[in-house]
Amino acid sequence: MEQRDPLDYDALVIGAGISGLYQLYRLRELGLRVRVLEAGSGVGGTWYWNRYPGARFDSESYSYGYSFSQELLDEWSWSEHFAPQPETLRYLNYVADKFDLRRDITFHSRVGAAHYREDSGQWDVTVEHGSRYRARFLITAIGPLSAPTLPRIEGVETFQGSSFHTARWPHEPVGFAGKRVAVIGTGATGVQTIQEVAKTVGHLTVFQRTPNWCAPLHNGPIDAETQRRIKAGYPEMFARCRETFACFLHTPDPRGTFEVAPQEREAFFEKLYAERGFGIWQGNFRDILTDRAANAAVSDFVARKIRQRVKDQAVAEKLIPKNHGFGTRRVPLETKYYEAYNQPNVRLVDITETPIERITPKGLKTSDAEYEFDIIIYATGFDAITGSFDRIDMRGLGGQKLKDKWANGPQTFLGVKVEGFPNMFMLMGPHTALGNIPRSIEYNVDWVTGLIRYMQEHKLSRADARPEAVAAWTDHVKALGEGLLSNEVNSWMTGINTNVEGKQTRIIARYSGSAPAYRARCDAVAANGYRELVLA
Ligand code: NAP
């Protein structure tokens, strides 16, 4: 019998989140010896780390779960239209148990380095505590929003109360009753945190740098009859998600904003504002994210809603974005977020007027006041898309560092392959279609699995991207981004993070065409025998 080094695998997968779990399941079907290396103590990725108060889906639960197993779809019942984080984490644990995935996952294993060895044609992967693994295939399932960043504010380490980044929330409950709490950051995470903390807090101060355009989530429990309909309707629902622009249940209305009469336009906006989920963003007139006047119309509508919901008009004005239009950044979905500012114990501080100068042992100091807090919550986001790659010392052929290769922005083929990094495949890497992420993940994983199967069948051991294919795909992704108002705005989607050295210039990091077009491209590559890859 062949003796194998115990740390020698056919494939290593970094990360046991939604993509890593599913990739493991698929690679096992190919008979490969797979090991998943996971930094956390459990499965779940995003849903393992982001335990902050109020964390929940803002895509409909049933559209967000895995679709690959009918049994799983039959067995699992979501309790709410937008499930809270603990339920999602339970779901992912249920999946891990159901498919017996845990036996191939090593927890507490944050990957520090991954180097390609040309002599053996293997990836040499080092975990931060020292263990080393080798494998022919390396699959990154590290997520686009998984490298949290604290603000670059002097004195962060000096605060003597409790402080947490939302993506590093403790596993024990944190109480807010009677406490003086600060939240820094008002992205989708900050909004969910603020509206939840406001329910029980002694006093809450929100430090806002840029307001975001938020819209109502309209969550609610799923009753038995609706549950039955959801389960019976899964095939149609997943078919719809395959057809829509970004794999959501919602997709742009074919009409232009000004092709309808003003009254009809207003009624349409009202209808979307009253509907569950991302309809107002993803199901709006087709031109709201490309035509400035159309964007101004919907922005004006949402601004009026904010003015209606917030009693103090000076506060309302601070909450209305002035430097970007509706939907040009990721729209946070909220439940009574704006009403939180009507509470006497909630205060909004606009730090563009009075910047934070430093965090102090007792709280923080802005240009005009000193504040004392028991708890500071940093909802300051992530070094997105490329950040989780930058945190691993990744080296390809000739010892070339991925970070150097991507110094001026990512260059990929289909968002899956990087030239000079043979047999490394990225799930939800830069230049892929993100959208409703689990839907995109299932496609991405199946595509990578298909390629590995093809290599097995054709006795091929190495796949690298051709430079011309990378150049063409990268140009294509850039061209798709032209004319999109979101690419004129600073956000994680354009690669901006003021807290990270070298991330102050906008890049095109996401594929912004439609998901069906993305899949058509990938399918064509597979159907043509992967000619864009050098297979050896
Ligand atoms: P984010 O959107 O990047 O927001 C970070 C916030 O922190 C922004 O308000 C930012 O202000 C502020 N900030 C950063 N550094 C700061 C500093 N030094 N001083 C003051 N303020 C600072 O991050 P996020 O809210 O964590 O959300 C990231 C993404 O995760 C979302 O867009 C979404 O895609 C995903 N997410 C999904 C869900 C869900 O599905 N339910 C929930 C939460 C998040 P500026 O805007 O001025 O930079």
Side-chain angles (χ1 to χ4, degrees), residues 18 45-47 49-61 63-64 80-85 87-88 143-156 165-169 182-196 206-214 217 219 246 248 277-278 281 319 321-324 327-335 337 348-352 354-359 364 366 376-385 387 428 434-438 440 486 489-500 503-504 506 510:
I18 298 180
T46 285
W47 301 100
W49 294 103
N50 289 272
R51 296 163 187 259
Y52 60 85
R56 65 172 63 246
F57 284 156
D58 50 17
S59 302
E60 289 76 358
S61 311
S63 78
Y64 197 93
E80 297 178 49
H81 286 278
F82 303 92
Q85 174 270 341
E87 184 171 338
T88 308
L145 293 158
S146 55
T149 46
L150 284 169
R152 281 203 288 191
I153 305 174
E154 217 185 303
V156 166
H165 189 287
T166 45
R168 289 293 178 270
W169 200 264
V183 175
I184 302 178
T186 51
T189 302
V191 166
Q192 288 187 335
T193 305
I194 291 160
Q195 68 197 15
E196 187 63 26
V206 175
F207 294 90
Q208 171 190 270
R209 187 165 65 186
T210 312
N212 282 299
W213 295 100
C214 311
L217 179 68
N219 190 22
F248 293 109
F278 277 135
W281 186 32
L319 289 165
K322 305 290 188 306
N323 67 354
H324 67 281
T328 59
R329 292 172 129 208
R330 161 58 149 82
V331 173
L333 293 184
E334 47 81 31
T335 306
Y337 171 66
L348 179 68
V349 176
D350 179 344
I351 59 168
T352 58
T354 54
I356 299 175
E357 290 181 347
R358 55 176 297 120
I359 307 289
L364 68 77
T366 64
I376 299 180
I377 300 175
Y378 297 108
T380 43
F382 302 89
D383 184 359
I385 302 180
M428 293 296 94
L434 296 177
N436 181 344
I437 294 232
S440 306
S486 55
V489 172
N490 288 353
S491 76
W492 68 260
M493 294 192 183
T494 49
I496 299 290
N497 186 318
T498 59
N499 306 307
V500 181
K503 301 262 167 116
Q504 275 77 50
R506 280 186 219 136
R510 293 176 311 136

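Counting starts at 1 for both ligands and their atoms, in listed order. Because the structure is predicted, anything quoted here is derived from the model rather than measured.
Under 4.0 Å from ligand 1, the heavy atoms of I184 that appear belong solely to its side chain. Residue T210 touches ligand 1 through backbone and side chain together, judged by heavy-atom distances below 4.0 Å. Contacts between N499 and ligand 1, counted as non-hydrogen atom pairs separated by less than 4.0 Å, involve the side chain only. Contacts between I351 and ligand 1, counted as non-hydrogen atom pairs separated by less than 4.0 Å, involve the side chain only.
A salt bridge (Lys or Arg N to Asp or Glu O under 4.0 Å) with R56 holds for exactly one of E196, E80, E87; it is E80.
Neither side chain, N499 nor R152, offers a donor N or O lying under 3.5 Å from an acceptor on the other.
Nearest protein heavy-atom neighbour of atom 27 (O) of ligand 1: T189 OG1, 3.7 Å. Nearest non-hydrogen protein atom to atom 29 (C) of ligand 1 is W492 NE1, 3.4 Å. Scanning the protein heavy atoms around atom 23 (O) of ligand 1, the nearest turns out to be G381 CA, 3.3 Å.
Checking P332, G185, S59 against atom 12 (C) of ligand 1, the nearest heavy atom belongs to G185.
Aromatic ring centres of F278 and F248 lie closer together than 6.0 Å.
The CG atom of D58 lies 11.0 Å from the CD atom of E334; values are rounded to the nearest 0.5 Å.
Shown in contact with P151 at under 4.0 Å from a heavy atom are these atoms of ligand 1, numbered in order with element: 17 (C), 18 (N). Residue F382 has at least one heavy-atom neighbour below 4.0 Å for each of these atoms of ligand 1: 26 (O).
At least one heavy atom of Y52 sits less than 4.0 Å from an atom of ligand 1. Note on ligand 1: R329 sits in its first shell, one or more heavy atoms being nearer than 4.0 Å.
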